[in-house]
Enquirer: 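Encoded as structure tokens, here's the structure I'll be asking about.
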Amino acid sequence: MKIPPAQITIQEWDRRYESLKQQGLKESFYGGPLSRHVTDGDTRLLHLKLDNSPAALGLWNLLLSENERLSQYRDEGKKTIAAMKDLGTVPVMAYSVENLTAFYPDGAWWTPCIMEQNEGLFELASRYGLDESYCPVRAMVAAFMNCEHFPKPDLLISSTGAICDDFSAIAQRLEHLGFAIHWWEIPHRRKPDENEPAVELPGGFITPVTQVRFVRQQLTTVREQLEKIAEQTITDAMLSEGIRKANHFRRVLDQVRQLAYTATLAPIGSLEMLIAEMLALHFCSDYDEAVIVLENLREEIQRRINAAVGVASADVARIFWVNPVADLRAMNLLEACGGRVCGTEYLFSHALDLIAEDIDPMEALARTALADPMVGSTMDRAERILRDIRRFGAEGVIISRIPGASHCAYEGKLIGATIRSTTHLPVIEIEVPTLCDAAEPSIRTRMEALIETIYQRRAS
Amino acid sequence: MKSVYYNCPFVPEELIAACGCRPRRLVPASENGVLSQTEGMCTFTEAWLESLLNKDANGEIFAAVFATSCDQMRRAYDIFLSQANQPAFLLNVPSMETLACLEYYQQELMRLHDFLCVFSGIPFDPTLLKQFRSTTMSYCQTDHRIKIAIAGGPVSEPIRNELRNILSESEAAIALDTCEDTQTANWQANMKNPSSRNAVTNIAKAYFKLPAIWKRPNHAFHRDLSATLSECNIDGIILFRHIFCDLWHSAAYELKACQPKPVLEVDLDGKSALSESAVSRIQAFLEMLA
């Protein structure tokens, strides 16, 4: 019997899980009931509404089992690469090698949310001089120091240069505390001067050839470090295959986004879509499993669209969401207010774009790295957001500030002004703290006001 | 002569002058501070931006050179472009001290040279380079009982003067001033081959070596500072940081860990005077050192 799509609690998921098992549910090696993660300390799950599909079960289990799997892969002989800040390029290189696994320790920024700050990472970060004036990525330093969340990586690689000040300070603190880091420079992406040879990057930005050449040289130093750790040469053919695999994932994800964000009825929740997009960064430390999970999600979304069913009514407000949220619950909150996410720019749109396969792989990777929306001007990012607003048909925009993040103070003004003047869509800015419960009344009020504005515009 | 406003030490003032412009290192200070304090925006960056926009609104003709030495300035450049009518240049200053980054910085300075010459309408004049006498960090010899080093983000002259007065009341003085706004590089003009490219190469090599808290890694900054602190026999360090400046805020922890002298972190809020609590804290710091 087909169960209608719904967003359910973790307790309801326990009953659903038993039912699925009785029906012969097949899971990956990291599968199991979601409530076991609550027992392990991920208590935020108790306050979330999760999609009730087996595909969503696989997605959540992939995400929440990552730290254990990293330890397991290590025990099996894989070397672990901690890529930091570039969000999408270095892991493509690492996954070109069979015995390497890459992950972003930056992702520890969500640990205080998922564990509702019972794990003590922020307090520990403060003892290392990273107080609440820094963004939640400061939890990463604490996670490195207490070794309770991911195994100590074999190699740390971090981009520097055109990055946010928070991360720059946080990464330097890590090195100061004794963790050797291989740094590589990403310059501020600029437009070409008059008559300067230029090239188009994935996603459409144009940049001088000299910048691509420079970044290519920088990524060559990364390649050399990966070769040392892997104890083998990384050939161009291996990198090309790594790019092909990354592109396969990105194509599937693009299909998922297109289906989910343009469907008449929201086929799946905004929270699951956020997690799905995050997989693009480093495949949640397991490329093969990430592809399986994403393809299952695509099939489920397609099935629901074909059956004209979804998790919300057709009249909910279509919202474009800018920046990832520190508290996952904010995505449920949007839906509770009568909205759904139809389009996103979570700081890493370059990890969603296809990497060129018809040019030298290092050239292709350099172009991808430079396509990062955060390394160029805010206006570039605003242009990208505008394109995607049109693509997905959003009716309003939420710009979500990350507490303590240096770039957020500026971007909201410029991006919001650009969107308003170009599209006349309503735009709000909200700040979502790591646990948004105390701020919920004001966040809810702002969201409801945005959604009411959208409804009024529809009526007029 | 047209003015070019800048603030970053990695923007060479001699290059600005040799391209026919008047270099104006701007460290704004107003009685009321910034008019509209934006949550999360560094008070120095906001004050700097506000000063430039006011000059633009008042009809002054100038160019502004921003630098990528911090993310806040990188973003401020975007705001300036969107609101001002004056030309602006964003100088990409690499954060790593590798040969590839030095070459990149040289290319950026050549681009700055081109921008400045177009702005001034005057070709590069190497004879103007001779007018600059450069020093590294500013030294202020003092026989005072308590020797203080100051470090941190740009500090306005009114605040420096106020600090000097506070220190003198406790028989203390600034023996070492390493704040960002005092930094300049030491280099020699090669007048045998005075082409602009040759000059830019020389300037780039000198400026590239300037210590900076935001370089990655930043060991050289702490190493050099520790050595200088020992040479000057410093008793204590006052670290000035503008509110919401993550980089200098982060430096306090490292300073305390890297060298043995007491460190006092003092917040600046964009105003031309220290806050009452800052004054009290400095006085208490001096009492502790006495």
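Here is the naming used below: chain letters follow the sequence lines, and residue numbers restart at 1 for every chain.
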Enquirer: To the nearest 0.5 Å, tell me how far T45(B) OG1 sits from Y410(A) OH.
Expert: 4.0 Å
Enquirer: Which of residues 104-117 of chain B get closer than 4.5 angstrom to chain A, counting heavy atoms alone?
Expert: Y104(B), Q107(B), E108(B), R111(B)
Enquirer: Report the distance from atom CZ of R75(B) to atom CE of M374(A), rounding to the nearest 0.5 Å.
Expert: 4.5 Å
Enquirer: Which one of C101(B), S82(B), C245(B), C258(B) has the most heavy-atom pairs closer than 4.5 Å to chain A?
Expert: C101(B)
Enquirer: Any chance you could measure L177(A), atom CG, to Y253(B), atom OH, to the nearest 0.5 Å?
Expert: 5.0 Å
Enquirer: Could you check whether the rings of H176(A) and H222(B) sit parallel, tilted or perpendicular, using 30° and 60° as the cut-offs?
Expert: tilted
Enquirer: Can you tell which part of N92(B) gets under 4.5 Å to a heavy atom of chain A, answering side chain, backbone, both or neither?
Expert: side chain
Enquirer: Only pairs of heavy atoms separated by less than 4.5 Å count here; which of R216(B), E39(B), Q72(B) has the most with chain A?
Expert: R216(B)
Enquirer: Between H249(B) and chain A, which part of the residue has a heavy atom less than 4.5 Å away: side chain, backbone, both or neither?
Expert: both
Enquirer: When you measure from the side chain of E185(A) to the backbone N and O of S95(B), does any donor-acceptor pair fall under 3.5 Å?
Expert: yes
Enquirer: Could you look at K256(B) and say if it's the side chain, the backbone, both or neither that has a heavy atom under 4.5 Å from chain A?
Expert: neither
Enquirer: At a heavy-atom separation under 4.5 Å, does A252(B) approach chain A through its side chain, its backbone, both, or neither?
Expert: neither
Enquirer: Roughly how far apart are K215(B) NZ and S168(A) OG, rounded to 0.5 Å?
Expert: 13.0 Å
Enquirer: Which heavy atom of V375(A) sits nearest a heavy atom of R74(B), and at what distance?
Expert: O-NH1, 3.2 Å
Enquirer: Are M41(B) and K413(A) side-chain neighbours, meaning at least one heavy-atom pair lies under 4.5 Å?
Expert: yes
Enquirer: Would you give the length of the straight line joining atom OG1 of T68(B) to atom CZ of R190(A), rounded to the nearest 0.5 angstrom?
Expert: 12.0 Å
